[in-house]
Amino acid sequence: MERKYPNLCSPIRIGNVNFRNRMFSSPMGGTDITADCCVGPRTPGFYELRAKGGAAAVTASELVVHPETDASHMFHLDLKTPGCLASWTFLADAIMRHGAIPSVELSHSGQYAGTYLVDKDKKRGLSQFGPSDWVRPDGIPVKALTREQLEDIIKAYGDTAALAKRAGFQMLMVHGGHGWLLNQFMSLAFNHRTDEYGGSFENRMRLTRRVLKSVREAVGPGFPIEFRMSGSEFFEGGYDLEEGVRIAQAVEDMVDLIHVSAGSYQFGIFRTHLPQYAPHGANVFLAAEIKKHVSKPVATIGALNDPAQMEEIIASGKADVVYMARALLADPELPNKVMANREDEIVHCLRCFTCMAERPTTGTRRCAVNPVIGREIEGMEVLPAPRKKRVVVAGGGVGGLKAAVTAALRGHQVTLLEKSDALGGILKSEQGLSFKYEMYKLGVTLGRQAELAGVDIRLNTEATPELVESLKPDALIIAVGSKPIVPALPGIDGDNVVVVNNYYLEKDKVGDSVVVLGGGLSGCECAIHLGMEGKKVHLVEMRDAVAVDDNIRKRPIVLQQLEKYATVHLNHTGLEVTDKGLLCRDDKGETVLIPGDTVICAVGQRPNRPDVEALRSCVPWVREIGDCIKAANITTAVYQGYHAALDV
């Protein structure tokens, strides 16, 4: 067959190992870690899913090499703990059986030990070790590692590498980026030592080179060693790309693949993990520049999920390999779909940070658009139902679509009723915000999947009790969503008011100065978008904080963007819309005018309970999902839709 993306799909040889394509799965921490820091029973499936999906290499993360000085609760690999080596062997097997190359990231957090601990008090109580004595910006003291400790750490890298090879891993990644220990020693911002490990560039690279030598001696020649580095630290006092080139050159004789990432944990985590406000591939230029100065293959990473963009990266010589992390959580089948020219079926990552927020919150993994993530042990495939049934889904939002697709894949005869003229539900409104377009596309993609699965989609068709009963379904899944709340304020029905859900339809009505009423996530992101368009934006919220409905990873970015693009008024209650803006009562009880040509109403959603109640008695088996129960988020709707269909 003729492949649409021939360069992306072409194999590559690294060291003495062949990889089936140029799409690699980046390190992501596992789903569960046992009390003694072994691989938990759910974790092999977490990595196996991406191996099944066609990634050429799948890297497990993060394997702490020296727990004595990196005391956080993360993966260990040793012979002292019964079952530890076996758990890693099962993990390597799970990846390898699908034709992917199993790799593991060897890591030391240094002064950032405990980053992912759920217990934040315990995190603050850990001993933090780094190149030099200092106090972190968050007030946590750091102790300088002694020469004896460094010798121990160097040996530990080699010992762990040997065990990983013994367990069946066929490549190793040494983590030297993102502000972790090796990066800390390279960086003048953190390394203030006066011995042979500090000062000159050669001295600052000494620990990394000795670690790489230790790993190479442990695994032997030809075994692929990958070095992960930050091409630039992107903070004042950190190293720049020119220094990044020198670092790559300083290690290329000892490694087989140079993996160029970006940023530093404490000062640039959102440069490492690009948010929805940043362009896809914003860090590719780092790899492209480094590739000009080294002879070894180079990998790039950074919000990559578009096959056309990734093809261009490989074809133009910017990099030899593209890494994806979040993109392969959203759709583990992405590489297989690219290889088969089925790119229109890819479910794209929303960059909503649900995956990253879940780990420090609950210690698990979750993805907003993929309900299987973190729960692979419960089943990775949709299996045929033992008895085929007639299923009606009322509502064509993401929850209803996920239910319809899943039920159809089980072999059921599925009819989806959507009262509007397009699928996607509330996500249709996201096409009006440039940085949320992928959320809108989620509805489009699920609609395409529903068509391919054979769902009978009926647009402009309301799910009335009479219609549902006439279809004689065995099961009814109610996904009728929610409606925007419009407060009963004088003037709220004026021509200068736009409900946020309708913004994409009424953009021309919005003037140059805007008041957004409602500081939930929807209002905040609308305010940011309008500010990016150059409008003067005021955001009004009756509570004492905004975006409280967002997750702990994404909310700080939203607040950062609001600072740039809007004036926020907390503890302000809307009283009346006038032709000059919004009259409010402030926290002192005084009436103030927040000026604006247009008022955007974004005060929340109310479940469509009357529609639910009308349908509940139509069919013996009924399941309610998504916003019609309680206005929530994509994660909840997709998860409930998927499992409702599995229950039919």
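The first residue in the sequence is number 1, and the count goes up from there.
Of the possible donor and acceptor atoms, none in the side chain of E217 sits under 3.5 Å from a partner among the backbone N and O of V215. Remark: the backbone N or O of Y197 is paired with a side-chain donor or acceptor of N191 at under 3.5 angstrom. A donor-acceptor pair under 3.5 Å is formed between the side chain of Q184 and the backbone N or O of S109. The main-chain N or O of G54 is found under 3.5 Å from a side-chain atom of N21 such that the two form a donor-acceptor pair. With hydrogens and angles ignored, the 3.5 Å screen pairs a side-chain donor or acceptor of W88 with a backbone N or O of H76. Here the side chain of R42 pairs no donor or acceptor atom with the backbone of E378 at under 3.5 angstrom. Side-chain atoms of R193 come within 3.5 Å of backbone atoms of P131 as a donor-acceptor pair (strictly under, hydrogens ignored). One N or O on the side chain of S214 and one on the backbone of I154 form a donor-acceptor pair closer than 3.5 Å. A distance-only check finds no donor-acceptor pair linking the side chain of S230 to the backbone of S232 [under 3.5 Å]. Under the 3.5 Å distance criterion, the side-chain polar atoms of K318 are left unmatched by any main-chain donor or acceptor of A287.
Counting only N and O atoms by type, the side chains of E311 and N7 include a donor and acceptor under 3.5 Å apart. For the 3.5 Å distance criterion, the side chains of D36 and T81 fail to qualify, holding no donor opposite an acceptor. Side-chain atoms of N336 and E333 form a donor-acceptor pair, as typed in the model, at a separation below 3.5 Å. Judged purely by distance below 3.5 Å, without hydrogens or angles, the side chains of T69 and H108 pair a donor atom with an acceptor atom. There is no side-chain donor-acceptor pair under 3.5 Å between T445 and H348. Using modelled atom types, one finds no donor on one side chain facing an acceptor on the other under 3.5 Å when comparing S103 with E226.
Considering every non-hydrogen atom in both P556 and I552, the closest pair reads CD-O, 3.2 Å. Residues F24 and L328 approach most closely at O-CD1, 4.2 Å, considering heavy atoms. Here the shortest heavy-atom pairing between S107 and D70 reads O-OD2, 4.4 Å. For L106 against A161, the heavy-atom pair with the smallest separation is CD1-CB, 4.0 Å. Of all heavy-atom pairs between C37 and M74, the closest is CB-O, 3.1 Å. When every heavy atom of C38 is checked against every heavy atom of F75, the shortest pair comes out as O-CE2, 3.6 Å.
Distance check, rounded to the nearest 0.5 Å: CG of D32 to OG1 of T43 gives 4.0 Å. With rounding to the nearest 0.5 Å, the separation of CD in E376 from CZ in R365 is 10.5 Å. In this structure, OH on Y47 lies 8.0 Å from CD1 on I95, to the nearest 0.5 angstrom. Once rounded to the nearest 0.5 Å, the distance linking OG1 of T31 with CZ of R366 reads 11.0 Å. Interatomic distance, L188 CG to Y239 OH, rounded to the nearest 0.5 Å: 11.0 Å.
Results of the side-chain contact (heavy atoms from CB on, under 4.5 Å) test with T300 over V321, L286, I313 single out I313 as the only residue that passes. Of the candidates V219, I101, L163, L91, F169 forms a side-chain contact (heavy atoms from CB on, under 4.5 Å) with just one, namely L91.
Look at E48 and K52 and you find no salt bridge, because none of the NZ, NE, NH1 or NH2 atoms lies under 4.0 Å from a carboxylate O. Between R97 and D93 there is no salt bridge, since no side-chain nitrogen of the basic residue lies less than 4.0 Å from a carboxylate oxygen of the acidic one. Under the 4.0 Å criterion applied to side-chain N and carboxylate O atoms, R228 and E105 are assigned as salt-bridge partners. Looking at K291 and D320, a side-chain N of the basic residue comes within less than 4.0 Å of a carboxylate O on the acidic one, giving a salt bridge. A salt bridge links D331 and K337; the closest N-O separation between the charged side-chain nitrogens and carboxylate oxygens is under 4.0 Å. Between R147 and E196 there is a salt bridge, with a side-chain nitrogen of the basic residue lying less than 4.0 Å from a carboxylate oxygen of the acidic one. Electrostatic pairing of R271 and E233 does not count as a salt bridge here, judged by no charged N lying under 4.0 Å from a carboxylate O. A salt bridge between R210 and E151 is present, with a side-chain N of the basic residue lying under 4.0 Å from a carboxylate O of the acidic one.
Residues S25 and T59 fail the side-chain proximity criterion, which asks for heavy atoms closer than 4.5 Å. In this structure the side chain of T34 never reaches within 4.5 angstrom of the side chain of V39, judged on heavy atoms. R410 has its side chain within reach of L646: a pair of non-hydrogen atoms, C-beta onward, lies under 4.5 Å apart. Residues S261 and N283 form no side-chain contact, since every pair of their non-hydrogen atoms from C-beta on lies 4.5 Å or further apart. Side-chain contact check for R326 versus F353: some heavy-atom pair is nearer than 4.5 Å. Counting only heavy atoms from C-beta outward, the side chains of V64 and T160 never approach each other to under 4.5 Å. Taking 4.5 Å as the limit, some side-chain heavy atom of R216 sits within range of a side-chain heavy atom of D256. The closest side-chain heavy-atom distance from V104 to M173 is not below 4.5 Å.
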* **R351/H273 under side-chain contact (heavy atoms from CB on, under 4.5 Å): CA gap, chis, key distance, verdict** => CA-CA 9 Å; R351 293 194 281 174; H273 308 91; over 6 Å; no
* Take L150 and K155, measure what side-chain contact (heavy atoms from CB on, under 4.5 Å) needs, and give me the verdict at the end. => CA-CA 9 Å; L150 290 174; K155 181 177 182 300; over 6 Å; no
* To do: Please step through side-chain contact (heavy atoms from CB on, under 4.5 Å) for the pair Y157 and L182, ending with a clear verdict.
  => CA-CA 12 Å; Y157 268 97; L182 298 184; 4.0 Å; yes
* Walk me through it: do V405 and K402 pass the test side-chain contact (heavy atoms from CB on, under 4.5 Å)? => CA-CA 5 Å; V405 171; K402 188 66 179 179; 5.6 Å; no
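Ring pair H259/Y323: centre-to-centre distance below 6.0 Å. Not less than 6.0 angstrom separates the ring centroid of F190 from the ring centroid of F185. You'll find the ring centres of F234 and F270 outside the 6.0 Å limit.
Remark: R13 fails to qualify as a cation-pi partner of F19 under the 6.0 Å distance and 45° angle criteria applied to the six-membered ring. The cationic group of R375 does not satisfy the cation-pi geometry with F46, failing either the under 6.0 Å distance to the six-membered ring centre or the 45° limit from the ring axis.
Using cut-offs of 30° and 60° for the angle between ring planes, the H175 and H178 rings count as perpendicular. The aromatic rings of Y112 and W180 are tilted relative to each other, their planes meeting at an angle between 30° and 60°.
Heavy atoms from other residues, nucleotides or ligands lying under 6.0 Å from CZ of F235 number more than 12.
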